[in-house]
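The block underneath contains the structure these notes are about, expressed in structure tokens.
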Amino acid sequence: MTDDEKIIELFFARDQQGIQELDSKYGKACHSFSYHIVNDRNDAEECVNEAYFGAWNAIPPANPDPLLSYLLKIVRNISLKLYWRKEAAKRSGHYKIALEEIEGYIADPKTVEDEIEAKELARIIEEFLDTLTVQNRVIFMRRYWFADSYKDIAEFVGLTEKNISVRLTRIREKMKKYLIEREVFV
């Protein structure tokens with residue numbers, strides 16, 4: 001039995017030791033991820049604690065596999081809510097800047113029909129990501145999912161910041177063409 005399965009068993013048994021085990025195994029990753037979005041240690045701590053509570057309430061009935069991805073999605077959603085609540089009015093927010101780079105290429109869902117189209121758009125973007133090299137996919141995801149700075153991405157993949165900037169520009173243009181070919185409104 002893996003550590004994740006043991007943690008989930010503790011959650012199913014409603015044993016609070018599960019939260020301690022979860023924090024011990026994934027706490028550092030969760031805090032780092034949240035910090036990249038909210039850019040404040042105290043806010044990141046608050047988001048992670050709220051994510052643990054969310055996981056506690058969702059498991060059971062949920063039985064996530066893999067547990068880390070499930071947990072990071074909760075952390076991301078909570079962190080984004082806090083970010084937008086605290087930073088939406090500020091243009092200087094680093095996550096907002098990353099989102100503004102890509103927002104011109106995708107529509108903003110407003111209605112039920114738009115939300116359905118957004119799910120289809122997500123599927124098409126996943127297909128697009130499959131067309132990229134592994135390194136370019138990592139660069140794209142580090143920027144637009146993890147909200148890493150160009151500097152952090154450059155250090156992560158071993159390239160220069162300028163190279164990251166150029167690659168992201170080219171990836172966005174390639175994505176735009178890909179979406180137009182599939183008759184997605186951009």
Side chain to side chain, I139 and L159, heavy atoms closer than 4.5 Å: yes

By side chain to side chain donor-acceptor pair (under 3.5 Å), which residues pair with D152, not counting sequence neighbours? S149

Is any side-chain heavy atom of N63 less than 4.5 Å from a side-chain heavy atom of I8? yes

Taking the six-membered ring of F156, is the NZ or CZ of R142 close enough (under 6.0 Å from the centre) and on axis enough (within 45°)? yes

For R167, which residues count as a side chain to side chain donor-acceptor pair (under 3.5 Å) partner, sequence neighbours excluded? Q135, N136, N163

Shortest non-hydrogen contact between D148 and H36, atoms and distance: OD1-CD2, 2.9 Å

Could you report the tightest heavy-atom contact between A29 and L72, atom names first, then the distance? O-CD2, 4.2 Å

Side chain to side chain donor-acceptor pair (under 3.5 Å) filter on E46, not counting sequence neighbours, yields none

Across all chains, not counting sequence neighbours, the ring pair (Phe, Tyr, Trp, His ring centres under 6.0 Å) partners of Y52 are none

Residues two or more places apart in sequence or in another chain: which of them pass side chain to side chain donor-acceptor pair (under 3.5 Å) with E21? Q17

Using side chain to side chain donor-acceptor pair (under 3.5 Å), reason through R172 and Y144 one step at a time and then give a plain yes or no. CA-CA 11 Å; R172 287 191 306 267; Y144 301 115; 2.7 Å; yes

Among residues at least two apart in sequence or on other chains, which ones pass ring pair (Phe, Tyr, Trp, His ring centres under 6.0 Å) with F128? Y178

Side chain proximity check, K151 to I164, heavy atoms < 4.5 angstrom: no

Less than 4.5 Å apart, side chain to side chain, heavy atoms only: is that true for I59 and Y70? yes

Mind listing the closest non-hydrogen atom pair of R137 and D130 along with its distance? NH2-O, 3.9 Å

Measure the shortest side-chain to side-chain distance between V38 and L80 over non-hydrogen atoms and say whether it is less than 4.5 angstrom. no

Would R143 and Y150 count as a cation-pi pair here, with the cationic atom under 6.0 angstrom from the ring centre and within 45° of the axis? no

Walk me through it: do R123 and E127 pass the test salt bridge (charged side-chain N to carboxylate O under 4.0 Å, His left out)? CA-CA 6 Å; R123 185 191 61 74; E127 289 175 0; 2.3 Å; yes

Linked, directly or transitively: L68 and W145 (ILVMFWY side chains, under 4.5 Å): yes

Is the closest side-chain heavy-atom distance between D23 and H31 below 4.5 Å? yes

Student check: side-chain heavy atoms of R14 and P60 closer than 4.5 Å: yes

Specify the closest pair of heavy atoms between I7 and G18, including all atoms of both residues, with the distance to one decimal. CG2-O, 3.8 Å

Looking at C47 and L82, what are the two nearest heavy atoms and their distance? SG-CD2, 3.5 Å

